[in-house]
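Nothing here was measured: the structure is a model prediction, and the numbers come from that model. Note on naming: letters A, B, ... go to the chains in the order of the sequence lines (proteins, then strands), and numbering restarts at 1 for each one.
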Number of protein chains: 2
Amino acid sequence: MLQALRDARFRLTPQRMAICRYLSETRVHPTPGDIYQAVHEQFPTISRATVYNTVAVLKELGEIIELPSAAGDSVRYETDLAPHVNLTCTRCGRIFDIPLENIDDIFEMIDARTDFYLENIHIEGYGVCPECQKALKQEEVE
Amino acid sequence: MLQALRDARFRLTPQRMAICRYLSETRVHPTPGDIYQAVHEQFPTISRATVYNTVAVLKELGEIIELPSAAGDSVRYETDLAPHVNLTCTRCGRIFDIPLENIDDIFEMIDARTDFYLENIHIEGYGVCPECQKALKQEEVE
DNA sequence: CTCTTATTTTAGAATACTTCTAATTTTAGA
DNA sequence: TCTAAAATTAGAAGTATTCTAAAATAAGAG
Ligand SMILES: [Mn+2]
Ligand SMILES: [Mn+2]
Ligand SMILES: [Zn+2]
Ligand SMILES: [Zn+2]
């Protein structure tokens with residue numbers, strides 16, 4: 001990620017390095033707010049604008065992927081570039097990763113059916129995570 | 001769509017009927033703003049709140065699907081409930097529909113790999129539509 | 001190492017989308 | 001026709017994102 005910034009002749013500021021470090025360590029599909037909060041602990045002066053600017057650059061460079069979001073919610077960033085399925089729990093909002101070997105085949109299948117210049121595909125699932133299933137059953141009892 | 005409202009004991013107001021008519025005739029994956037604008041021509045007094053309230057009800061009833069959106073953009077609504085792939089043109093923003101017969105198989109495949117209670121999946125593609133491909137080539141020449 | 005300049009950061013303003021509020025109107029049914 | 005619950009409305013409030021312009025700084029030249 002840092003190397004990509006360097007190669008593209010972006011300056012390696014401490015803020016950018018901290019954002020990149022957080023992004024490469026997290027597994028939570030963070031929102032800009034999550035990133036701001038995390039980096040703010042090391043850089044109490046960091047601005048939200050810097051977070052938005054930096055993710056815009058990283059997205060442009062293909063180092064992270066912007067995941068679309070539901071009405072009113074904040075966007076989230078995907079840091080795992082390996083093709084996989086994101087499962088969103090509609091109760092707690094967490095996103096879980098599921099590997100799926102034949103995503104490339106699905107891509108080809110779609111590509112064959114359109115005149116689009118197809119760049120990439122996303123597959124998302126929606127449902128209730130195991131933990132929330134338990135919680136819901138518990139609520140029912142009460 | 002109207003029948004679903006009736007069955008669920010929601011009142012059939014003229015505003016709701018106009019919104020439903022627009023939704024069942026459009027092919028454009030409209031935003032709340034699109035809906036407001038269209039219905040506003042017949043109901044100059046309609047409020048944005050009514051549009052948001054109505055799509056919330058229709059979504060709850062499963063009559064429309066809320067499509068997530070990119071940072072800053074408005075959410076869009078899917079009115080075609082048959083499983084299909086939405087291709088978004090990253091240049092003009094339009095969404096195109098592509099049928100894909102084995103979406104159910106993909107659902108099963110994902111369902112088999114997780115403890116989620118899986119409710120549904122979305123497959124989206126991103127790229128450049130044929131029209132915009134032409135436009136881009138044209139720009140290059142200049 | 002110092003200087004210079006283009007890049008980057010910053011705080012806060014501006015904008016856009018969505019949700020909320022409380023008063024008014026309307027619907028459906030008695 | 002009357003009533004009560006439901007729905008609509010305008011605008012306020014809330015939240016996410018983008019913009020702005022001044023100040024700070026990174027990186028390369030000398
Ligand atoms: Mn993921
Ligand atoms: Mn569609
Ligand atoms: Zn959950
Ligand atoms: Zn296009």
Side-chain angles (χ1 to χ4, degrees), chain A residues 1-22 29-61 64 66-77 93, chain B residues 1-22 29-61 63-77 93:
Chain A
M1 204 138 73
L2 292 176
Q3 194 54 50
L5 284 173
R6 246 191 303 266
D7 291 348
R9 300 271 176 270
F10 285 98
R11 292 183 179 172
L12 288 185
T13 65
Q15 291 90 337
R16 280 178 177 159
M17 291 193 280
I19 291 171
C20 288
R21 173 145 26 88
Y22 172 73
H29 305 86
T31 62
D34 293 335
I35 302 169
Y36 175 77
Q37 200 178 338
V39 175
H40 185 260
E41 288 173 20
Q42 300 166 57
F43 282 91
T45 69
I46 199 172
S47 162
R48 281 164 212 284
T50 298
V51 173
Y52 279 100
N53 288 342
T54 302
V55 294
V57 167
L58 291 172
K59 180 182 143 192
E60 196 61 37
L61 295 176
I64 59 178
E66 185 185 293
L67 299 177
S69 63
D73 288 7
S74 182
V75 96
R76 292 181 172 275
Y77 288 95
Chain B
M1 203 138 71
L2 293 176
Q3 194 54 48
L5 285 172
R6 244 191 304 266
D7 292 348
R9 300 271 176 271
F10 286 98
R11 294 182 178 172
L12 288 185
T13 65
Q15 290 88 338
R16 280 178 177 160
M17 292 194 279
I19 291 170
C20 289
R21 174 146 23 90
Y22 172 73
H29 305 85
T31 63
D34 292 335
I35 301 170
Y36 174 77
Q37 200 179 337
V39 176
H40 186 261
E41 288 174 18
Q42 298 166 57
F43 281 91
T45 69
I46 199 171
S47 160
R48 279 164 214 284
T50 297
V51 173
Y52 278 100
N53 289 341
T54 301
V55 293
V57 167
L58 292 172
K59 179 181 144 191
E60 199 59 38
L61 295 176
E63 295 291 304
I64 58 178
I65 296 167
E66 186 184 294
L67 299 177
S69 63
D73 288 7
S74 181
V75 96
R76 291 181 173 275
Y77 288 95

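Residue B:Arg9 is the one, among B:Arg9 and B:Gly72, whose nearest nucleotide of DNA chain D lies closer to the 5' end (criterion: closest heavy atom). Residues B:Asn53 and B:Ala71 each lie close to DNA chain D; by heavy-atom proximity, the contact nearer the 5' end of the strand is made by B:Asn53. Residue whose closest nucleotide on DNA chain C sits further toward the 5' end, between B:Thr31 and B:Phe10: B:Thr31.
Counting heavy atoms of neighbouring residues, nucleotides and ligands inside a 6.0 Å radius, atom CD of B:Glu41 does not exceed 12 of them.
One interatomic measurement links the two molecules: CG of B:Leu5 to C1' of D:dA6, which rounds to 13 Å at whole-angstrom precision. The distance between atom CG of A:Leu12 and atom P of D:dT25, rounded to the nearest whole Å, is 16 Å. Here the P atom of nucleotide C:dT8 and the CD1 atom of A:Ile19 are 13 Å apart, to the nearest Å. Rounded to whole Å, atom C1' of D:dA7 lies 14 Å from atom CG of B:Leu58. As rounded to whole Å, 8 Å separates atom P of C:dT10 from atom CZ of A:Phe43. Atom-to-atom, CG of B:Asp73 to P of D:dT17 comes out at 11 Å; the value is rounded to the nearest Å. Distance, A:Tyr36 OH to D:dT15 P: 16 Å, rounded to whole Å. Between the CZ atom of B:Arg76 and the C1' atom of C:dT18 there is a distance of 16 Å, rounded to whole Å.
Neither OP1 nor OP2 of C:dT9 sits under 4.0 Å from any side-chain N or O of A:Thr45. The side chain of A:Tyr52 contributes no N or O atom lying less than 4.0 Å from OP1 or OP2 of D:dT18. OP1 or OP2 of C:dT7 has not a single side-chain nitrogen or oxygen of A:Thr13 nearer than 4.0 Å. For D:dT25, neither phosphate oxygen OP1 nor OP2 lies less than 4.0 angstrom from any side-chain nitrogen or oxygen of A:Gln15. Between B:Arg11 and D:dA5 there is no side-chain N or O to OP1 or OP2 distance below 4.0 Å. Remark: B:Thr50 is in phosphate contact with D:dT9, judged by side-chain N or O atoms under 4.0 Å from OP1 or OP2.
Nucleotide C:dA30 is matched to D:dT1 when pairs are restricted to Watson-Crick or G-U wobble geometry with both distances under 3.5 angstrom. When Watson-Crick and G-U wobble pairs are counted only if both distances are under 3.5 Å, C:dT7 pairs with D:dA24.
A donor-acceptor contact shorter than 3.5 Å is absent between the side chain of A:Arg48 and the backbone of A:Tyr36.
The base of C:dA11 is paired with the side chain of A:Ser47 by a donor and an acceptor separated by under 3.5 Å.
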**Pair B:His29-B:Leu67, side-chain contact (heavy atoms from CB on, under 4.5 Å): steps then yes or no** = CA-CA 9 Å; B:His29 305 85; B:Leu67 299 177; 3.9 Å; yes
**Request:** Show your working on side-chain contact (heavy atoms from CB on, under 4.5 Å) between B:Val39 and B:Val51 and close with a plain yes or no.
**Result:** CA-CA 9 Å; B:Val39 176; B:Val51 173; 5.7 Å; no
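Residue A:Arg48 is out of contact with every strand shown, counting any heavy-atom pair closer than 4.0 Å.
Of the candidate nucleotides D:dT9, D:dT17, C:dT18, D:dT17 has the atom lying nearest to any side-chain atom of A:Ser74.
Among all heavy-atom pairs drawn from A:Ser69 and A:Ser74, the shortest one is CB-O, 3.2 Å.
Counted by atom type alone, B:Thr31 and B:Asp34 present one or more donor-acceptor pairs between their side chains at under 3.5 Å.
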